Amino acid sequence: MPHSENADLDTCTYGTTYVGESFVSRAIGESVQQPDHPYFRIPRGLANEQDLYVVPANATTDLSGLSGFRHGPWGWVDGIEVSDAGMLEMHGWIASLDDGPLETVSISVDGQVSRIPTGEARPDVARVLGDERLHGSGWRFSAALAPGRDSVFVQVSGSTARDEKTLLYAGFVAVPERQPSVPVDVLAAEGKGLLGFVRRLLSRQHRH
């Protein structure tokens with residue numbers, strides 16, 4: 001199909017190819033020269049995107065133990081930004097693909113851990129994953145960062161009641177340089193005359 005999740009790629013060069021279970025089943029049989037060779041399919045077993053097929057070397061191997069396979073927790077950090085005032089804002093979603101939304105998401109900022117409750121409406125997640133339980137899987141986080149930092153290390157993770165874990169994000173987030181605050185009376189004095197005009201002009205150029 002001339003379609004990709006990356007809108008920046010030319011679909012004449014890069015698209016999406018997928019096959020059904022019948023194709024994979026025939027390929028397995030042909031590769032081992034046994035048309036009825038057993039296998040076990042795990043739908044969306046890899047990163048909740050791609051099916052996994054377990055093919056034993058011995059056709060008599062019992063694969064029934066895989067019937068209890070759990071997909072575990074999953075989610076996404078949809079947005080991260082730091083304002084000029086030093087406020088870190090983040091939002092996303094997290095859930096167990098087996099049991100529904102997690103109660104909290106764990107967010108670490110330079111080692112300071114916060115547990116943020118879920119519950120924000122995410123009808124898009126429920127629709128895309130075909131699971132209405134995930135409607136309330138959204139979360140939102142806000143924190144004031146200490147001054148003097150040019151970056152902070154952020155880690156976002158989650159854990160189910162069974163202690164199944166997932167890492168949604170880990171990396172440094174740049175912190176913009178804060179502009180010093182100026183008292184109102186000084187601003188009023190500097191705002192007059194040619195000197196005030198030049199200072200305002202230089203200030204605008206510095207910000208851009």
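All values below were derived from every heavy atom in this structure, side-chain atoms included, with hydrogens, water molecules and symmetry-related copies excluded. Because the structure is predicted, anything quoted here is derived from the model rather than measured.
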Can you tell me how far OG1 of Thr160 sits from CZ of Arg162, rounded to the nearest 0.5 angstrom? 7.5 Å
Taking all atoms of both residues into account, what is the closest heavy-atom pair of Asn58 and Thr60, and its distance? OD1-OG1, 2.7 Å
Apply side-chain contact (heavy atoms from CB on, under 4.5 Å) to residues Val54 and Leu66 and explain how you reach the verdict. CA-CA 9 Å; Val54 180; Leu66 295 174; 3.9 Å; yes
Does the gap between the ring centers of His37 and Tyr39 come in under 6.0 Å? no
After noting the C-alpha distance and the side-chain angles of Val82 and Met90, does the key distance pass the side-chain contact (heavy atoms from CB on, under 4.5 Å) rule? CA-CA 9 Å; Val82 180; Met90 304 174 62; over 6 Å; no
Are any of the side-chain heavy atoms of Leu129 and Leu97 separated by less than 4.5 Å? yes
With salt bridge (charged side-chain N to carboxylate O under 4.0 Å, His left out) as the criterion, how do Arg70 and Glu164 come out once you've worked through the C-alpha distance, each side chain's angles and the decisive distance to 0.1 Å? CA-CA 9 Å; Arg70 289 177 58 84; Glu164 301 159 330; 2.6 Å; yes
CA sep, side-chain torsions, deciding dist, call: Phe153, Val173, side-chain contact (heavy atoms from CB on, under 4.5 Å): CA-CA 6 Å; Phe153 187 79; Val173 176; over 6 Å; no
Can you pull the side-chain hydrogen bond (donor to acceptor under 3.5 Å, both in side chains) pairs that have at least one residue in residues 104-117, sequence neighbours excluded? Asp110-Arg149
Between His135 and Asp124, is there a donor-acceptor pair closer than 3.5 Å when you use the side chain of the first and the backbone of the second? no
If you round to the nearest 0.5 Å, how far is CG of Asn48 from CG of Leu46? 10.0 Å
Taking side chain as C-beta onward, heavy atoms only, is Ile80 less than 4.5 Å from Leu88? yes
To the nearest 0.5 Å, what is the distance between CH2 (Trp139) and CD (Glu120)? 9.5 Å
Grab the two heavy atoms, one from Gln34 and one from Ala59, that are nearest each other, plus how far apart they are. OE1-CB, 4.1 Å
Step by step, would you call Gln50 with Arg44 a side-chain contact (heavy atoms from CB on, under 4.5 Å)? CA-CA 5 Å; Gln50 297 170 322; Arg44 291 195 171 193; over 6 Å; no
Compare all side-chain heavy atoms of Leu134 with those of Glu132 and state whether any distance is below 4.5 angstrom. no
Say whether, by atom type as modelled, one donor and one acceptor occur between the side chain of Ser25 and the main chain of Ser22 under 3.5 angstrom. no
Is the number of heavy atoms from other residues, nucleotides or ligands within 6.0 Å of CD (Glu103) greater than 12? no
Answer yes if Val105 and Leu167 sit in the same cluster of Ile, Leu, Val, Met, Phe, Trp and Tyr residues linked by side chain heavy atoms under 4.5 Å apart, and no otherwise. no
Closest heavy-atom contact between Ser142 and Met87? OG-CE, 3.1 Å
Spell out, yes or no, whether Val156 and Trp74 are grouped together once hydrophobic residues are joined by side-chain heavy atoms under 4.5 Å, including indirect joins. no
Any Lys/Arg nitrogen of Asp78 or Arg140 sitting under 4.0 Å from an Asp/Glu carboxylate oxygen of the other? no
Checking Thr118 side chain against Leu102 main chain: does a donor-acceptor pair fall under 3.5 Å? yes
Phe23 reachable from Ile28 in the ILVMFWY side-chain graph, under 4.5 Å edges: yes
Search all heavy atoms of Gly171 against all heavy atoms of Tyr169 and return the closest pair with its distance. N-CE2, 3.6 Å
In terms of heavy-atom contacts, Pro101 and Ala95 come closest through CA-CB, 3.7 Å
Hey, what do you get for CH2 (Trp93) to CH2 (Trp76), rounding to the nearest 0.5 Å? 9.5 Å
Just wondering, do Asp51 and Ile42 contact through their side chains at under 4.5 Å, heavy atoms? no
Please report the interatomic distance CD1(Ile94) to OG(Ser157), rounded to the nearest 0.5 Å. 7.0 Å
Cluster question for you: counting only ILVMFWY and a side-chain heavy-atom cut-off of under 4.5 Å, with indirect links fine, are Val154 and Ile116 together? yes
How long is the straight-line distance from CZ of Phe172 back to CG of Asp150, given to the nearest 0.5 Å? 9.5 Å
Nearest heavy-atom pair of Lys165 and Ser159: which atoms, and what distance? NZ-OG, 3.7 Å
Is it true that Val55 and Phe40 fall in one hydrophobic cluster, defined by side-chain heavy atoms closer than 4.5 Å? no
